[in-house]
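These notes are about the structure you will find just below.
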Amino acid sequence: QVQVLQSGAEVKKPGASVKVSCKASGHTFVNYFLHWVRQAPGQAPGQGLEWVGAINPNTGTTRIAQSLQGRLSLTRDASTGTVYMEIFSLTSADTALYSCAVEPSGTYYLHQWGQGALVTVSS
Amino acid sequence: QSALTQPASVSGSPGQSITISCTATSSDVGTFNHVSWYQQHPGQAPKVVIYDVTYRPSGVSDRFSGSKSGYTASLTISGLQADDEADYYCKSYTVAKNYVFGTGTMVTVL
């Protein structure tokens, strides 16, 4: 059973940065990506899903949404398979539930999702 | 930037069929062959119901089907059931090797 485990909720002030971790376990994928998707709080679908980026825990290959270029860093610890998402210069618009999800390479869809980490940006 | 437009809401009665559209507003989606659909119930993580336009993952009801015409992909739910009431999002791979989600559709079972 594939499980995706994420770090917990964070509260940050505007201008600060936040770092969230994610790890997939219980799988046999040889090559895969861990994606980050965020959803602002409120009633959906007005607060829809936004693709943030993805990283291959083995190779370190990254993909980053154009809207977050320059403010987003995706890194990984290859020895543990843990990946990290760090957003800099936070604003209230970054307040959202950040979910991590697994995509076995070449399947182009998200198979299993984590529980999400709520990041709140407030002064 | 790529964008996928969906209707804000679609409704139907139990047993009926409904179709949700997902239209790409730019050619950034390339061939538009890697379109997936996600169902999200309130407070839960999204769950994939269709991938690569027409394929159903194991365990997903065959009441869910997908299709595509040009730059519009569609999700059809047949034999609508109460549990189908949820938000639905399309997602597409792009030529930049990134992804983009649709605007989302709220499905209501009357």
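Chain letters run A, B, ... following the sequence lines, proteins first, then strands; residues in each count from 1. This structure is a prediction, so every number in the text was calculated from the model and none was measured.
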(message) Please give me the minimum heavy-atom distance between A:Thr107 and B:Tyr51, naming the atom from each residue.
(response) O-CD1, 4.5 Å

(message) Between A:Val2 and B:Val60, is there shared hydrophobic-cluster membership here, with clusters defined by ILVMFWY side-chain heavy atoms closer than 4.5 Å?
(response) no

(message) Hydrophobic cluster membership, with links at side-chain heavy-atom distances under 4.5 Å among I/L/V/M/F/W/Y: are A:Val4 and A:Ile55 in one?
(response) yes

(request) State, to 0.1 Å, how close A:Gln47 and B:Tyr89 come at their nearest heavy-atom pair, and which atoms those are. (result) O-OH, 3.9 Å

(message) Heavy-atom cut-off 4.5 Å, strictly under: side chain, backbone, both or neither for A:Ile64 against chain B?
(response) backbone

(message) So which atom in B:Phe101 and which in A:Leu49 form the shortest heavy-atom distance, rounded to 0.1 Å?
(response) CB-O, 3.4 Å

(message) With a 3.5 Å distance limit and no angle check, can you tell me whether B:Asn98 reaches the backbone of A:Gly53 through a side-chain donor-acceptor pair?
(response) no

(message) Using the rule that Ile, Leu, Val, Met, Phe, Trp and Tyr join whenever any side-chain heavy atoms are under 4.5 Å apart, tell me whether A:Leu5 and A:Val102 fall into a single cluster.
(response) no

(request) Could you check which of B:Pro57, B:Ser92, B:Pro46 has the highest count of heavy-atom pairs closer than 4.5 Å to chain A? (result) B:Pro46

(message) Minimum heavy-atom separation for B:Tyr38 and A:Leu110, please, with both atom names.
(response) OH-N, 2.9 Å

(request) Heavy atoms only: give me the nearest A:Trp113-B:Ala45 pair and the separation to one decimal. (result) CB-CB, 3.8 Å

(message) When you group the ILVMFWY residues by side-chain heavy-atom contacts below 4.5 Å and let the links chain together, are B:Tyr88 and B:Val109 in the same group?
(response) yes

(message) Looking at every heavy atom in both A:Arg63 and B:Lys97, which two are closest together, and how far apart are they?
(response) CD-O, 3.0 Å

(request) Nearest 0.5 Å please: distance from the CD atom of A:Gln39 over to the CG atom of B:Asp87. (result) 8.0 Å

(message) Can you classify the ring geometry of B:Tyr99 versus A:Trp51 as parallel (below 30°), tilted (30 to 60°) or perpendicular (above 60°)?
(response) tilted

(message) Membership question, hydrophobic clusters at under 4.5 Å side-chain separation (ILVMFWY): are B:Val49 and B:Val35 in the same one?
(response) yes

(message) Need one label for A:Val52: side chain, backbone, both or neither, based on atoms under 4.5 Å from any heavy atom in chain B.
(response) neither

